[in-house]
> 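I'd like to ask you about the structure that follows.
Sequence lines set the chain letters: A, B, ... in the order given, protein chains first and strands last, and positions in each chain run from 1.
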There are 2 protein chains.
Amino acid sequence: MDIKNLSLLKDGSETFLTALGKQAHVLKCEKGKILFLHEDTAEYFYIVKSGWIKLFRETLDGTQSVNDILGKGNAFGETALFENNVYPYSAEAVEASEIISLPLKLLKEELEHNNKFSMHVMRHMAHQRHQKDMEIEHRDLQNAPQRIGCFLLNLIDRDAHGAAKIDLPYDKTLIASKLGMQPETFSRALSKLKEKTGIHIKGSHIELYDPKQLIEYCCSHCSSEFPCKDLLAQK
Amino acid sequence: MDIKNLSLLKDGSETFLTALGKQAHVLKCEKGKILFLHEDTAEYFYIVKSGWIKLFRETLDGTQSVNDILGKGNAFGETALFENNVYPYSAEAVEASEIISLPLKLLKEELEHNNKFSMHVMRHMAHQRHQKDMEIEHRDLQNAPQRIGCFLLNLIDRDAHGAAKIDLPYDKTLIASKLGMQPETFSRALSKLKEKTGIHIKGSHIELYDPKQLIEYCCSHCSSEFPCKDLLAQK
DNA sequence: CGAGGGTTTGAAGTGCATCAAATAGTGTGG
DNA sequence: CCACACTATTTGATGCACTTCAAACCCTCG
């Protein structure tokens, strides 16, 4: 994976990207490895090369709230730049992963000097904020089966018409936490979704012979109409 | 109110602020006035001079989800710049309000040319994103009375030790919608909060003789410790 | 004083959480 | 290749929080 192809770093100057490349380190993480904790002082930001990283926060008694789960090509920890150099969440590898670490300092300097890059990063941030807004809306307006359906719809290849196949990217329990529900609820809600929309489920593999049913069931309780993938997909 | 003192426009160049001033218009809005709708093409961004503006989205059947409620000094519609010049939500005056409209074009040009300003805006955006994250966390980890308590805590003057007074800024029904609950739930949850933390409620006026109880009750179910006001207050 | 919106209260229903236990699935060492 | 251990997932039973629908109450303002 080449750093230059990352969506976040698009429009970065040559000098910047070269400097980044030189200071990049690849960390091999075991499942369960904590990369940093909420409110740790931040020196690096990270990019997922492979595997999955969970961003989360927790209360004193250990209850945790999952902020996001990031896969290949996604960046995290970069917002510490704007928040007193402190990470706003904790990060943990939820399976064996490779992570690229990069100095925040370089990012900061590039932002300060390359306006085109800043504009790009702002676009990126606005996009992320919009996604968060949609997440809140979904929890407001959709029930558990609908939220799962929406999650599934965003895993379908866009050009797949008619039948479509989906492989869940990670544990059902993790998906549940990302959608803000308990594993048990996820399991039951998925069955209900099957019943309502005729999807076929075999373990982590799902087939849709009639995506329209799913779309109708889920998207009618959302302010965006179906191909909202552009909105939700890319980070 | 002078445009130059707005947190969003801090670090804007003189030329920019002057140009903005010249193109500023003050709109007087009746309660219920819709300023724009979700997905309208955006030409202006806005600043609340007085009153309250509700940002929201709705599904086809009219159910709505409240994104935010903005008061004096807050800006809205500015993110359209980064989202294909389309507003990502609808905006409505929830009471008689004065709104300043400003051309997005000027904002865009300033962002493209004034790097210091861009940095400031990015800080602003990061802050907003963090707030949204916290909102999601609150809905994950706190129950209705706790969310209300947290809302109240953010209305207290920081230097008020011992007893403190709060006046609810707008309708209870609106607060309820902002916190993602029904008016009936809000009413009952507020009573429960009273019972649990000993706050005194008279209509929209609330007194806390012992804020610690409230803090203990609410903040123990959140990943941030009490004076999280810095985080939540300023927009 | 009366109209109308905001707020509270009551009764009933629903969806999700929780706790407990069974089952399926996966990787390990023998 | 099997048996075991461990984890992920499902299923069952129950409880609680919030919603919904209905009606009463309250407050403000013409």
> Whole angstroms only, please: what is the CE-C1' distance between A:Met181 and C:dT18?
16 Å
> Ignoring hydrogens and angles, answer whether the base of C:dG15 and the side-chain atoms of A:Arg188 contain a donor-acceptor pair closer than 3.5 Å.
no
> From the list C:dT9, D:dC18, D:dT11, which nucleotide is the closest neighbour of the side chain of B:Ser191?
C:dT9
> Do any side-chain nitrogens or oxygens of A:Lys192 fall under 4.0 Å of OP1 or OP2 in C:dT14?
no
> Counting just side-chain N and O atoms, does A:Lys31 come under 4.0 Å of either OP1 or OP2 of D:dA8?
yes
> Between B:Thr63 and B:Asp61, is a side-chain hydrogen bond (donor to acceptor under 3.5 Å, both in side chains) present by the stated rule, with each step listed?
CA-CA 6 Å; B:Thr63 323; B:Asp61 72 3; 2.6 Å; yes
> Between CG of A:Asp140 and CZ of B:Phe56, what distance do you get to the nearest 0.5 Å?
13.5 Å
> Under 6.0 Å between the ring centres of B:His127 and A:Phe82?
no
> B:Ile206 has an atom CD1; how far is it from atom P of C:dT7, in whole Å?
12 Å
> In whole Å, I'd like the distance from the CD atom of B:Gln182 to the P atom of D:dA22.
15 Å
> Would you kindly give the NE2-to-P distance between A:His205 and D:dA8, to the nearest whole Å?
22 Å
> Which part of the nucleic acid, if any, lies within reach of B:Ala189 when heavy atoms closer than 4.0 Å are counted: base, sugar-phosphate only, or nothing?
nothing
> Looking at D:dA17, C:dT18, C:dA11, which one has an atom nearest to any side-chain atom of B:Asn143?
D:dA17
> Picking from C:dA17, D:dA8, D:dA22, which would you name as closest to the side chain of B:Glu184?
D:dA22
> For A:Gln142 and C:dG15, what is the distance between atoms CD and P respectively, to the nearest whole Å?
15 Å
> Within this structure, what is the CG-to-P distance between B:Leu193 and D:dA17, rounded to whole angstrom?
14 Å
> Drop me the distance from B:Gln146's CD to B:Lys192's NZ, to the nearest 0.5 angstrom.
9.0 Å
> With B:Glu135, which of B:Lys132, B:Glu137, B:His138 fulfils side-chain contact (heavy atoms from CB on, under 4.5 Å)?
B:Lys132
> For B:Thr185, answer base if it contacts any base atom (sugar-phosphate contacts may also be present), sugar-phosphate if it contacts only those atoms, and nothing otherwise; contact means non-hydrogen atoms under 4.0 Å.
base
> In whole Å, I'd like the distance from the NZ atom of A:Lys172 to the C1' atom of C:dT26.
15 Å
> Taking atom P of D:dC18 as reference, at what distance in whole Å does atom CG of A:Asp140 sit?
14 Å
> Between C:dG5 and B:Thr173, is there an OP1 or OP2 to side-chain N/O distance shorter than 4.0 Å?
no
